[in-house]
2 protein chains.
Amino acid sequence: MIGNFISRHQLVIIYGIALAMLAFLLKWLELRFIIISHAFEIYIGAIAILFTALGIWLATKLIKPKLETIVVEKAVYITQLNQFVRNEKQLLELGLSKRELEVLQLMADGLSNQEIAAHLYVSLNTIKTHASRLFEKLEVKRRTQAVEKGKKLQIIP
Amino acid sequence: MIGNFISRHQLVIIYGIALAMLAFLLKWLELRFIIISHAFEIYIGAIAILFTALGIWLATKLIKPKLETIVVEKAVYITQLNQFVRNEKQLLELGLSKRELEVLQLMADGLSNQEIAAHLYVSLNTIKTHASRLFEKLEVKRRTQAVEKGKKLQIIP
DNA sequence: GACAAAATCACCCTTTAGTATGAACGAAGA
DNA sequence: TCTTCGTTCATACTAAAGGGTGATTTTGTC
């Protein structure tokens with residue numbers, strides 16, 4: 001069906017193609033003429049494009065990369081560096097005396113009242129008195145509770 | 001003295017100056033001639049320089065700045081929120097039973113033997129027995145020392 | 001089922017802890 | 001000077017802790 005169409009209009013087609021080619025030739029000649037007549041401008045344009053490209057290339061090579069500093073906080077776990085610092089404010093609030101604090105510390109070391117008395121060169125009764133006051137001020141009933149609270153409130157290590 | 005020198009050699013000086021000016025004029029003319037005869041090359045050169053500069057400018061304006069990331073690690077010290085981990089090995093070495101450990105823990109909480117008995121639904125005598133064995137195994141004489149040693153050996157918080 | 005370890009409880013006794021009350025003494029402050 | 005506070009000590013008492021011995025029951029293991 002397509003072959004039939006071509007054979008029937010062969011002359012017309014050839015003519016059309018020839019016409020098209022002629023038009024194309026004329027256009028090409030026109031372009032050539034334009035190029036030749038504007039050779040200088042085209043040359044200048046080419047130079048401009050070339051050196052613009054060169055400039056861009058130079059810039060990419062020469063421009064210093066922008067530095068961006070990111071500070072990353074890294075967790076560092078400390079094993080046991082923390083040395084004891086007494087909470088003096090808490091001590092004042094409780095109203096503990098020097099002697100009472102000493103007794104509390106020795107209690108925390110596991111000493112009996114008798115041993116504490118010997119350690120401080122005073123009598124057992126004196127220690128008992130201090131202990132009673134201590135328990136009152138700390139609002140506890142037993143020495144174990146006193147030691148526990150003392151550590152919690154950071155008045156003993 | 002200087003005026004005298006000038007007046008005496010006036011002619012010579014004028015001649016010298018004229019000669020110098022002539023030489024300068026000739027040099028200038030030569031330069032002009034060079035410029036004129038090489039006008040095209042100079043024009044092209046100027047265009048090249050101009051568009052190279054344009055390229056560089058374009059590059060700096062349009063190209064995204066290259067980011068170089070520097071990561072600086074900063075140590076942040078954390079006062080270890082210590083979740084207690086029992087030293088099971090130590091516990092085995094000491095040969096403490098479940099019940100003895102329970103008693104020790106309640107002792108550390110500041111409870112009396114009576115209170116511990118009530119807490120565990122057993123008699124006071126039972127707690128005393130446990131306590132005695134506990135002290136033997138921990139090689140201590142008093143509950144305060146037991147609690148202290150228990151914490152030191154990390155078998156109680 | 002035998003066995004060992006753990007858990008339970010009791011009784012008696014001693015020691016230690018804790019309460020209550022009172023008192024003496026010295027230092028610091030109003 | 002008087003008062004307060006801390007420290008010291010004593011006596012008397014109760015409560016709790018701790019030691020020693022013995023016994024029963026439960027539980028897990030061989």
Side-chain angles (χ1 to χ4, degrees), chain A residues 86-153 155-156, chain B residues 86-153 155-156:
Chain A
R86 174 163 294 121
N87 189 340
E88 299 289 348
K89 206 178 77 185
Q90 191 62 255
L91 207 58
L92 271 173
E93 279 179 32
L94 292 168
L96 291 196
S97 71
K98 258 182 287 176
R99 216 50 164 168
E100 284 158 0
L101 181 61
E102 277 184 292
V103 171
L104 179 58
Q105 271 178 310
L106 294 171
M107 273 183 180
D109 291 339
L111 301 196
S112 67
N113 287 342
Q114 192 65 264
E115 289 167 338
I116 295 172
H119 199 276
L120 297 179
Y121 304 108
V122 294
S123 82
L124 172 60
N125 286 309
T126 303
I127 300 305
K128 282 188 177 183
T129 309
H130 287 318
S132 281
R133 294 241 173 79
L134 192 56
F135 299 158
E136 259 182 56
K137 290 177 180 176
L138 286 175
E139 296 174 308
V140 296
K141 290 182 179 177
R142 277 175 286 281
R143 50 173 55 221
T144 45
Q145 292 179 347
V147 170
E148 199 197 358
K149 194 153 189 178
K151 288 187 176 180
K152 193 182 133 201
L153 299 179
I155 56 181
I156 47 171
Chain B
R86 173 163 292 121
N87 189 339
E88 300 288 349
K89 206 178 79 187
Q90 190 63 254
L91 206 60
L92 270 173
E93 279 178 32
L94 292 168
L96 292 196
S97 69
K98 258 182 289 178
R99 216 51 163 168
E100 284 159 359
L101 181 61
E102 276 183 294
V103 171
L104 178 59
Q105 272 178 310
L106 294 171
M107 273 183 179
D109 291 339
L111 301 196
S112 68
N113 287 341
Q114 192 64 265
E115 289 168 338
I116 296 173
H119 199 276
L120 298 179
Y121 303 108
V122 294
S123 81
L124 171 62
N125 285 309
T126 304
I127 300 303
K128 283 187 178 184
T129 309
H130 286 318
S132 283
R133 283 217 250 278
L134 191 56
F135 298 157
E136 261 184 54
K137 290 178 180 177
L138 286 176
E139 295 174 311
V140 295
K141 288 180 180 176
R142 278 174 286 282
R143 51 174 52 222
T144 46
Q145 293 179 347
V147 170
E148 199 196 0
K149 192 153 190 176
K151 288 186 176 181
K152 193 182 133 202
L153 299 180
I155 56 181
I156 49 171

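Within every chain, numbering begins at 1; the chains are lettered A, B, ... in the order of the sequence lines, protein sequences first and strands thereafter.
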Donor-acceptor pairs under 3.5 Å, side chain of residues 102-112 of chain A to any protein atom, not counting sequence neighbours: which ones?
from, atom 1, to, atom 2, distance (Å)
A/E102, OE1, A/R99, NH1, 2.9
A/S112, OG, A/E115, N, 3.2

- Query: Which residues within residues 96-130 of chain B lie with some heavy atom under 4.0 Å of an atom in DNA chain C?
  - Reply: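 Per residue number, the list reads B/S97, B/K98, B/R99, B/V122, B/S123, B/N125, B/T126, B/T129, B/H130.
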
- Between atom CZ of B/R143 and atom CG of B/N113, what is the distance when rounded to the nearest 0.5 Å?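 Spacing of CZ (B/R143) from CG (B/N113) equals 4.0 Å.
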
- Once you round it to whole Å, what is the distance between C1' of D/dA17 and CG of B/L134?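 It is 13 Å, rounded to the nearest whole Å.
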
- Task: Report the distance from atom CG of A/L92 to atom C1' of D/dG6, rounded to the nearest whole Å.
- Result: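 After rounding, the reported distance stands at 15 Å.
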
- Task: Flag the pair A/L120 / A/I127 as yes when at least one side-chain heavy-atom distance between them is below 4.5 Å, and no otherwise.
- Result: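 Counting from C-beta outward, A/L120 and A/I127 do come under 4.5 Å.
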
- Any side-chain heavy-atom pair from B/F135 and B/R142 closer than 4.5 angstrom?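 They are not in contact (no side-chain heavy atoms under 4.5 Å apart), so the answer is no.
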
- So, for B/I155 and B/L101, which heavy atoms are closest and what is the spacing to 0.1 Å?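 Closest heavy-atom pair between B/I155 and B/L101: O-CD1, 3.7 Å.
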
Would you list the atom pairs, donor with acceptor, under 3.5 Å between side chains in residues 88-97 of chain A and any protein atom, with sequence neighbours excluded?
from, atom 1, to, atom 2, distance (Å)
A/S97, OG, A/E100, N, 3.3
A/S97, OG, A/E100, OE1, 3.3

- Query: Can you give one letter per nucleotide of nucleotides 23-30 of chain D, 5' to 3': B if a protein heavy atom sits under 4.0 Å from the base, S if only from the sugar-phosphate, - if neither?
  - Reply: --------

- Task: Output the residues of residues 137-148 of chain B in contact with DNA chain D, where contact means a heavy atom of the residue under 4.0 Å from an atom of the strand; sort by number or write none.
- Result: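 Going residue by residue through residues 137-148 of chain B, the ones with a heavy atom under 4.0 Å of DNA chain D turn out to be B/R142, B/R143.
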
Show me the protein contacts with nucleotides 25-30 of chain C, counting only N or O atoms at under 3.5 Å.
none

- Full working for side chain to side chain contact (heavy atoms under 4.5 Å, CB included) between A/K149 and A/E139: CA-CA 9 Å; A/K149 194 153 189 178; A/E139 296 174 308; 4.1 Å; yes

Checking [X] now: which residues fulfil side chain to side chain donor-acceptor pair (under 3.5 Å) with it, not counting sequence neighbours?
X: A/T144; result: none
X: A/S132; result: none
X: B/T126; result: B/S123

- Message: OP1 or OP2 of D/dG19 versus the side-chain N and O atoms of B/S132: is any pair under 4.0 Å?
- Response: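 Answer yes for this pair, as a side-chain N or O of B/S132 is under 4.0 Å from OP1 or OP2.
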
- Task: Using the test side-chain contact (heavy atoms from CB on, under 4.5 Å), find all partners of A/K151 that sit at least two apart in sequence or belong to another chain.
- Result: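 side-chain contact (heavy atoms from CB on, under 4.5 Å) list for A/K151, sorted by chain: A/V147, A/I156.
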
- Item | Residue pairs fulfilling salt bridge (Lys or Arg N to Asp or Glu O under 4.0 Å) with at least one residue in residues 118-128 of chain A, sequence neighbours excluded |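 Those involving residues 118-128 of chain A do not exist here.
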
- Message: Using five base pairs at each end to define the local axes, how bent is the helix from C/dG1-D/dC30 to C/dA30-D/dT1, to the nearest 10°?
- Response: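 It works out to 50° between the end axes.
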
